[in-house]
Structure formats: structure tokens, C-alpha cells
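As the structure lists them, so they are numbered: ligands from 1, and atoms in each ligand from 1.
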Amino acid sequence: MKILVSDSITEGGLAILKDANFDVVQLPHGTPEEKAEACKDVHGWVIRSGTKVTAEMIDNAENLQVIGRAGVGVDNIDIPAATHRGIVVMNTPDVNTISAAEHTVAMMLTLSRNIAIGDSGMKQGEWNRHALVGSELRNKTLGIVGMGKIGREVMTRCRSFGMNILGFDPFMSQDMFNLDEVKIVDLDELTANSDYITVHVPLTDSTRNLFDYARLSSMKSTARIVNVARGGIINEADLAKALADGKIAGAAIDVFTAEPVDTSNPLVNAPNIVLTPHLGASTKEAKEGVSIAICEQVRDYLIHEKLNNALNMP
Ligand code: MLT
């Protein structure tokens, strides 16, 4: 059987597929057209976030039985089209959690202590220590939108900084949490009362543009917002305008509606913003973890019909 690996997967993951005697076709730098051609005769397809799996590709992939997403987000796969053809879509929901949570905290600290501005200023010969007065996280209120695995790990870390936590999640209620660790509130209350807001929800029709200009304007003018989840949950043009208008104090963004980002993205020239190029899960540990997990899952499905972390099959 043949497996297409169309994004970058570690050697450890590839070895699992090769040891199981699959014919592995690697195309991590292929164009969408090359990937569309290569998927036509494969039985399994392993991707990260760099491959967009469209309905047309799925329709043309006659032998395809499983699409394995090394990572969490599956907004780059047309899942209804896969389900329609009986193709299993699976991901690795647990492995990136700590890396994403740590990057979120790194972004908050970078914002609150002016680390990025201080670094770039020094490299241009400046010594701005009196202009770059930061603020502590201690006693500040953090609003976590999405209290799933990553949101809860962010909560644990931020509680150790002495922060007060507000949480919003349409699928969770206060009785699932201790009131002394997080107060579950509605989104409006979280927005109005947080000093920092971080989003940890998937990108869906109901979360797209969740933070638009109106909602951003209802944050405290001293507040900052972080997105290490998915581009589009915070509207990019609206965020750039809210920063320029002084509606909020800062933002740290790791994910974008179109990646890679070019200079036409309004966030690139927005004030008081820290940008990173989708680094949330870019750690040695997470990359190795998702590569091994997805290759094992795809192998086990193709050889033993064993389903693990399938998103569209019971
Ligand atoms: C994920 O969805 O797992 C992360 O955003 C990393 C990635 O896109 O691969």
C-alpha cells in the first residue's frame, strides 16, 4: 500500500511507515497541483497544516482510505467530502497541548515585558529601558476562551503567576471546575473584565471573527489579546484597526488567515503587536510526538482497521 506524506514529518514517524512496508511518497515542498496529482493512487495521506485537502482532491483519490493530520487543527481538510467517500480523518489531539500552552504564556510575557521591542531596539543601537516599563501578570485577570486541553494547561501555568482566571466555553459549566481556579462566565463578561484574553477554540463557522471590531472595542483599553489557536478567530483587519485606534493595548498573534504571511496582511504593520510564524506546536517534542502518533494511527488503520482519534467515524 502507498502513503503520501505531503508535509514535514520527522524521521521517527517515517520509519514507522517504512518498517510496516508501506511505499512512502514524500512531497513536503510540493505545490498544491503536485500534491493533487500524487494523492490519486495512495491509500493513506499524512499531512500537517501546510497541505489543503480539497473535495476535488478527495474525489480524485480513488484508493484513499485515511487522512492523518499530524496535529490538532483540521480546518485544512474538507471533512464532509471525506466522510461522503467513507475516508477516515484522524488527528493527534493530545500531543501539541503543552507546546501550545507554553507558547501562549511566552507571548503574554513578551507583551507584558516589551521583550520584542527591547530586543529590536537594542539591535538598532537603542537603550530604551525607561520607555519600556512593563506590567506584572500577578493579580491581573486572564480570560481564556475555550477551556479544552490547551486552555486548561494555560490556566494552570497562569495561576502560578498569581493571575485570576475567567473562562468561557459553550460546552462547559462551572460545576466542571473549582471556583478558586477559574470562574466560568459568558463571553461578554470575559471580554469586558480581562486584562489578557487568549483564545483556544477551533476555527469553525461559529468562531470565525469571534473577536471583531465591536468585541475588541469592548475590551479594557489596557488589555491585550493572544491568538495561538487559528487565524480568523480574531478578525485581522479589525484587530489592526483596534490597535491603531488605541481600543486595546496590545496583541500577540501566532496564526493567520493565510499562511505564510506577506506584507499585505494588516497585522504586519499594526502597532503594539508581536508576531510569530505559527510556532505554537513547533517544538522538538511536539513535532516528534505528532509525527510518531499519526504514523502509528495511519499504520494501525490500514493494516488492522483500528480507529484511533477518528473525527468522522464512530
Ligand atoms: C496544530 O493544529 O496542531 C498546530 O496548529 C500545529 C500545526 O498546524 O501543525
Q. With a 4.0 Å heavy-atom cut-off (strictly under), which part of Lys287 contacts ligand 1: side chain, backbone, both or neither?
A. neither
Q. Hey, is the main chain of Thr10 close enough, under 3.5 Å, to the side chain of Ser291 for a donor-acceptor pair?
A. yes
Q) Quick one: does Gly71 get an N or O within less than 3.5 Å of an N or O on ligand 1? A) no
Q | Exercise: identify the closest heavy-atom pair between Asp188 and Arg215 | A | OD1-NH2, 2.9 Å
**Q.** Side chain Asp7, main chain Arg48, donor-acceptor under 3.5 Å
**A.** yes
Q: Note the single closest protein heavy atom to atom 7 (C) of ligand 1, along with its residue, its atom name and the distance in Å.
A: Arg69 NH2, 3.4 Å
Q: Measure the distance from atom 6 (C) of ligand 1 to every protein heavy atom, then report the residue, atom name and distance (to 0.1 Å) of the closest one.
A: Ala281 CB, 3.6 Å
Q: Mark yes when over 12 heavy atoms from residues, nucleotides or ligands other than Met313 sit less than 6.0 Å from its CE; otherwise mark no.
A: yes
Q) At a 4.0 Å threshold, what atoms of ligand 1 neighbour a non-hydrogen atom of His278? A) 4 (C), 5 (O), 6 (C), 7 (C), 8 (O)
Q. Would a distance-only check, ignoring hydrogens and angles, find a side-chain to backbone donor-acceptor pair under 3.5 Å from Glu236 to Thr257?
A. yes
Q. When only distance counts, is Val72 in polar contact with ligand 1, meaning an N/O pair under 3.5 Å?
A. yes
Q: Identify, by atom number and element, the atoms of ligand 1 in contact range of Arg230, meaning under 4.0 Å from any of its heavy atoms.
A: 1 (C), 2 (O), 5 (O), 8 (O)
Q. Just by distance, do the side chain of Asp254 and the backbone of Gly280 share a donor-acceptor pair under 3.5 Å?
A. yes
